[in-house]
Amino acid sequence: MNDRTELSEFLKSRRARLRPEDVGLRDYGGTRRVAGLRREELARLAGVSIAHYTRLEQGKGDSVSDEILDAVGAALRLDGDELTYLHRIARPPLACEGGAAAVPASLRYLLESFVMTPALVVGRHTQIVGWNQLAVAVFGDFPALPADRRTLSHLLFTEPHLRELHRTGWEGAAREQVAHLRVLLGRYRGDAGLAAHVDELRELSADFARMWAEHPVARVRSRTYVLHHPVVGELTLHGELIALPDEPACCGLDLFAAEPGSASEQALRELASPGAASEQVVVPARPSAL
């Protein structure tokens with residue numbers, strides 16, 4: 001993961017998605033040799049010189065002011081997450097603390113207290129470092145996987161069970177995960193383990209490589225999954241990722257809930273019952289064929 005290459009490719013990808021008519025420029029017809037806006041068109045929109053913008057798109061962002069980055073972001077119509085990412089990757093990476101994510105006892109107690117809420121603690125490499133029994137009942141026996149493959153990324157992109165669980169919603173959930181990984185890469189630049197995780201997924205999964213090349217950037221927020229559970233059938237869950245700012249190695253606490261009084265709530269109740277553990281679906285502990 002080369003910093004200059006990432007900055008260059010991100011800017012090119014965002015310039016390519018804009019057409020002249022999208023930004024109020026006149027298109028005189030004919031065949032355009034580039035997808036989207038030309039560099040000079042983007043520079044003019046941002047109010048910077050073509051030489052200045054060209055240096056930035058070549059990955060040379062160290063000396064660019066925040067004001068210029070904001071102007072380029074506005075011209076590219078970046079959203080809040082994308083603009084934050086641009087600022088982060090245009091700057092030299094800060095020192096990043098390493099070390100494995102640890103779940104403090106108080107957080108483990110909290111996980112165990114959620115009776116009707118599947119709950120996960122997720123590390124900054126998308127590792128699943130904490131969970132409760134209902135999360136296992138819903139998402140499969142991921143604790144049986146080797147620790148280096150017990151990540152949300154590996155589950156989504158290398159485990160057929162998770163594809164089947166999401167079915168038609170898999171593409172959206174997978175793209176959401178890739179976009180979130182890019183946010184983490186910007187936030188924790190200098191974390192060699194995170195960069196290695198991304199590189200490994202690009203090698204393991206053609207789908208991951210395809211989505212990564214599109215440069216999606218978006219923080220995980222509220223989302224809804226319609227799952228197809230092999231024991232209780234269709235299950236609609238609403239997810240929230242809650243940040244854990246005092247635990248720097250952990251990305252957040254991921255909680256899922258069903259609408260009160262719904263069939264999905266009753267399904268969760270069934271999965272939470274003592275007898276449900278014997279019916280839970282097992283995720284294979286060996287590498288899956290892609």
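Quick note: numbers below take in every heavy atom, side chains included, and nothing from hydrogens, waters or symmetry partners.
Classification of Glu171 and Arg175 as a salt-bridged pair holds, one side-chain N sitting under 4.0 Å from a carboxylate O. Salt bridge Arg15/Glu41: absent, no basic N to carboxylate O contact under 4.0 Å. Salt bridge present: Glu6 and Arg182 bring a charged side-chain N and a carboxylate O closer than 4.0 Å. Comment: Arg91 engages Asp66 in a salt bridge, judged by a side-chain N to carboxylate O separation of less than 4.0 angstrom.
Leu120 and Val220 are members of different hydrophobic clusters when ILVMFWY side chains are connected at heavy-atom separations under 4.5 Å. Hydrophobic clustering, with ILVMFWY side chains joined whenever heavy atoms are under 4.5 angstrom apart, keeps Leu244 apart from Tyr109. The hydrophobic cluster containing Val226 does not contain Val138, counting ILVMFWY residues as joined when their side-chain heavy atoms lie under 4.5 angstrom apart, directly or transitively. Linking ILVMFWY residues whenever their side-chain heavy atoms come closer than 4.5 Å, directly or via other members, places Val231 and Leu268 in the same cluster. Hydrophobic cluster membership differs between Leu255 and Leu241, with clusters built from Ile, Leu, Val, Met, Phe, Trp and Tyr side chains linked at under 4.5 angstrom.
Between His197 and His125, the ring-plane angle classifies as parallel under the 30° and 60° cut-offs.
To the nearest 0.5 Å, the span separating CG on Asp207 from OG1 on Thr158 amounts to 11.5 Å. Expressed to the nearest 0.5 Å, how far CZ of Arg150 lies from CG of Leu145 amounts to 7.0 Å. Atom CG of Leu181 is separated from atom CZ of Phe208 by 5.0 Å, given to the nearest 0.5 angstrom. Here the OG1-CG distance, from Thr126 to Leu155, works out to 8.5 Å after rounding to the nearest 0.5 Å. Residue Leu194 holds its CG atom at 10.0 Å from CG of Asp199, rounded to the nearest 0.5 Å. Distance check: Arg88 CZ to Arg189 CZ gives 10.0 Å after rounding to the nearest 0.5 Å.
Distance alone, capped at 3.5 Å, is enough to place a donor-acceptor pair between the Arg108 side chain and the Val103 backbone. Between the Asp254 side chain and the Val122 main chain, no donor and acceptor come within less than 3.5 Å of each other.
Across Leu165 and Pro230, no two heavy atoms sit closer than the pair CD1-CD, 4.5 Å. Looking at every heavy atom in both residues, Leu83 comes nearest to Gly73 through CD1-CA, 4.0 Å. Among all heavy-atom pairs drawn from Val23 and Arg77, the shortest one is CA-NH2, 3.7 Å. A pairwise comparison of heavy atoms in Leu7 and Ala90 identifies CD2-CA, 4.1 Å as the closest pair. Closest approach of Phe139 to Leu162, counting heavy atoms only: O-CD2, 3.9 Å. When every heavy atom of Glu214 is checked against every heavy atom of Arg14, the shortest pair comes out as O-NH1, 3.7 Å.
At a threshold of 4.5 Å between non-hydrogen side-chain atoms, the residues His180 and Leu152 do not count as touching. Phe10 is listed as a side-chain neighbour of Val217, based on a closest heavy-atom distance under 4.5 Å. The shortest distance between side-chain heavy atoms of Leu134 and Phe256 does not fall below 4.5 Å. For the pair His166/Leu156, a side-chain contact is recorded, criterion being any heavy-atom separation below 4.5 Å from C-beta on. With a 4.5 Å cut-off on side-chain heavy atoms, Val136 and Phe142 count as touching. Looking only at side-chain heavy atoms (C-beta outward), Leu253 and Leu110 come within less than 4.5 Å of each other.
Side-chain atoms of Asp148 and His154 include no donor-acceptor pair closer than 3.5 Å. In the model, Ser153 has a side-chain atom that pairs as donor or acceptor with a side-chain atom of Gln177 under 3.5 Å. Between the side chains of Ser8 and Gln58, no donor-acceptor pair is found at a separation under 3.5 Å.
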Worked check of ring-ring contact (aromatic ring centres under 6.0 Å, His included) between Phe157 and Trp170 | CA-CA 10 Å; Phe157 286 97; Trp170 179 85; 5.6 Å; yes
Could you please spell out the steps behind the side-chain contact (heavy atoms from CB on, under 4.5 Å) verdict for Thr236 and Glu259?
-> CA-CA 8 Å; Thr236 300; Glu259 182 181 346; over 6 Å; no
